[in-house]
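Bear in mind that the values here come from a model prediction, so they are computed numbers and not experimental data.
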Amino acid sequence: MAGKALTGIERQLVLEYLADGNVPLTISLSEESSLSPEKSEKSSVPAFPVAVRGEQMKVLEQGIIIIPKPNGQILSFDGKSVQVMFYFNKLALYFETKAQNSSAGLALVIPKIISKIEDKKESERKDFAVTVFYETTPSKKAARPAEINCEFDSRFPLFKVSDYNSLIEKFLSEPLPLSTAAESIAGRIHSPSVIYLDSSVIVFASKKTDMPFVSGSEYALLMRFPIAGPVKERKVYASCIINRIYENFECDRLCACASFSSMREEDSRFLEDKIASSAT
């Protein structure tokens, strides 16, 4: 997560921003503490970041954040090295400090170094990828082409003989959050993942806030498959219709199940052969 540190002027602006109040933040165990061999420290602290609402804390002029009435999760950070993350103008910032309980509440001294969270670098894809094309406006005259570059979820291997309904159920019922990593930009949208694919069906999965598909709508697809030989890649063009969207109301998860509405016969056979070869 290490990123570029703020300049002195930038840091002062951020301190004033925090002092003005109502800035939510999250507290998590610092990497140094996470690697500590002390079992008591690991077991007593939440595995995921703990959110603190702006109204739960106050910032003193000395550059100290005070949480007057910390709950049990927040209080468990007492005496430990922590990482504090918050957003300033949608830019993710963080600092590391030591949490100390006092008569005024849990105190977090803001250090001299406040850093930006580095943006994630997309690695060059060497495996299956799918691009979804759709129109951003309902008017055909004003429509502009747009695209969504979807990845696949490594927990759901493609081209395996399986029941896609069971995969949907598995994705929607997983207890863990989709991601616990802090975003460098607040509110960033991520493309859905593909968790199932055969010659007739494709299933997309994502957080509810990231799902761009609408039930009953048709989308054009470009699928890329790595192959041996000088070409290195086979491109398959198709279109699909979203038949149904499944949702888990208890967590932020959706699955969009689509059937292919058009595909060249040789491309359909190509997909069937990939599944058949994986079963042998």
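Annotation for Leu271 and Ser199: closest pair CD1-CA, 3.9 Å, computed over non-hydrogen atoms. Listed here is the closest heavy atom pair of Thr26 and Ala51: CG2-CA, 4.1 Å. The heavy-atom pair separating Asp267 from Lys235 by the smallest distance is OD1-O, 4.4 Å. Shortest non-hydrogen contact noted between Val59 and Ala19 is CB-CA, 4.0 Å. The minimum heavy-atom distance between Glu233 and Ile227, with the atom names listed, is N-CG1, 3.5 Å. The shortest non-hydrogen separation linking Asn243 to Ala258 is ND2-C, 3.9 Å.
Open room surrounds CD on Glu61; 12 or fewer heavy atoms of other groups in view lie less than 6.0 Å from it. Crowding of Tyr164 atom OH: a count of heavy atoms from other residues, nucleotides or ligands under 6.0 Å not exceeding 12. Counted within 6.0 Å of CD on Glu265, heavy atoms from surrounding residues, nucleotides or ligands total 12 or fewer; the atom is thus considered open. The local environment of CD1 in Ile113 is sparse, with at most 12 non-hydrogen atoms from other residues, nucleotides or ligands closer than 6.0 Å. No more than 12 heavy atoms of other residues, nucleotides or ligands lie within 6.0 Å of CZ in Arg244, so this atom counts as exposed by the packing criterion.
Using modelled atom types, one side-chain atom of Ser30 and one backbone atom of Ser81 make a donor-acceptor pair closer than 3.5 Å. Between the side chain of Arg264 and the backbone N or O of Tyr237, no donor-acceptor pair lies under 3.5 Å. Side-chain atoms of Gln56 come within 3.5 Å of backbone atoms of Arg53 as a donor-acceptor pair (strictly under, hydrogens ignored). A donor-acceptor contact shorter than 3.5 Å is absent between the side chain of Asn89 and the backbone of Leu91. Although no hydrogens or angles enter the test, the distance criterion places a donor-acceptor pair under 3.5 Å between the side chain of Lys80 and the main chain of Ser76. Between the side chain of Asn101 and the main chain of Asp78, no donor-acceptor pair closer than 3.5 Å is present. Judged purely by atom type and a 3.5 angstrom limit, Glu10 uses its side chain to pair as donor or acceptor with the backbone of Thr7.
Taking Ile, Leu, Val, Met, Phe, Trp and Tyr as hydrophobic and joining them when side-chain heavy atoms fall under 4.5 Å apart, one finds Ile64 in a cluster with Leu60, Ile66, Val109.
Counting heavy atoms from C-beta outward, Val82 and Leu108 have side chains that approach closer than 4.5 Å. Looking at Pro212 and Pro192, their side chains come closer than 4.5 Å, going by heavy atoms from C-beta outward. For the pair Tyr219 and Ile242, the minimum side-chain heavy-atom distance is below 4.5 Å. Considering only heavy atoms from C-beta on, Phe152 stays 4.5 Å or farther from Ser193 through its side chain. The shortest distance between side-chain heavy atoms of Pro24 and Phe86 does not fall below 4.5 Å. Side-chain atoms of Ile74 and Val52, non-hydrogen and from C-beta on, do get closer than 4.5 Å to each other. Put simply, the side chain of Cys150 reaches to within 4.5 Å of the side chain of Val132, judged on heavy atoms.
Ring centroid separation for the pair Phe270 and Phe225 comes in under the 6.0 Å cut-off. Between Phe213 and Phe204, the distance separating the two ring centers is shorter than 6.0 angstrom.
Scanning for salt bridge (Lys or Arg N to Asp or Glu O under 4.0 Å) contacts around Asp198 gives an empty result, with sequence neighbours left out.
Here Leu93 contributes atom CG and Lys116 contributes atom NZ; the two are 8.0 Å apart, rounded to the nearest 0.5 Å. Rounding to the nearest 0.5 Å gives a distance of 9.0 Å between CD of Glu16 and CZ of Phe88. We find the OH-CG distance between Tyr196 and Asp163 to be 8.0 Å, quoted to the nearest 0.5 Å. With rounding to the nearest 0.5 Å, the separation of NZ in Lys98 from CZ in Phe77 is 14.5 Å. If you take CD1 on Ile245 and CD1 on Ile168, they are separated by 11.0 Å, rounding to the nearest 0.5 Å. To the nearest 0.5 angstrom, Met85 atom CE is 9.0 Å from Leu25 atom CG.
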In sequence, state the C-alpha distance, the side-chain angles, and the governing distance for Val201 and Phe260, and then conclude on side-chain contact (heavy atoms from CB on, under 4.5 Å).
CA-CA 6 Å; Val201 173; Phe260 291 114; 5.9 Å; no
side-chain contact (heavy atoms from CB on, under 4.5 Å) assessment of Phe95 paired with Gln83
CA-CA 6 Å; Phe95 60 82; Gln83 187 175 89; over 6 Å; no
Criterion side-chain contact (heavy atoms from CB on, under 4.5 Å) on Met223 and Leu197, from CA distance to verdict:
CA-CA 11 Å; Met223 294 176 281; Leu197 173 67; 4.1 Å; yes
Quick one, Asp210 with Lys207, criterion salt bridge (Lys or Arg N to Asp or Glu O under 4.0 Å). Give me CA distance, side-chain angles, the key distance, then yes/no.
CA-CA 5 Å; Asp210 293 339; Lys207 292 182 180 180; 5.4 Å; no
Intermediate values then yes/no, side-chain contact (heavy atoms from CB on, under 4.5 Å), Leu18 and Ile110:
CA-CA 11 Å; Leu18 290 172; Ile110 302 174; 3.9 Å; yes
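No salt bridge links Arg253 with Glu247; every basic N to acidic carboxylate O contact stays at or beyond 4.0 Å.
Hydrophobic clustering of Ile, Leu, Val, Met, Phe, Trp and Tyr side chains at less than 4.5 Å, counting indirect connections, keeps Tyr87 apart from Leu13. Tracing side-chain contacts under 4.5 Å through hydrophobic residues (I, L, V, M, F, W, Y), one never reaches Phe133 starting from Ile241; they form parts of separate clusters.
Defined by atom type and a distance below 3.5 Å, a donor-acceptor pair is present between the side-chain atoms of Ser261 and Ser239.
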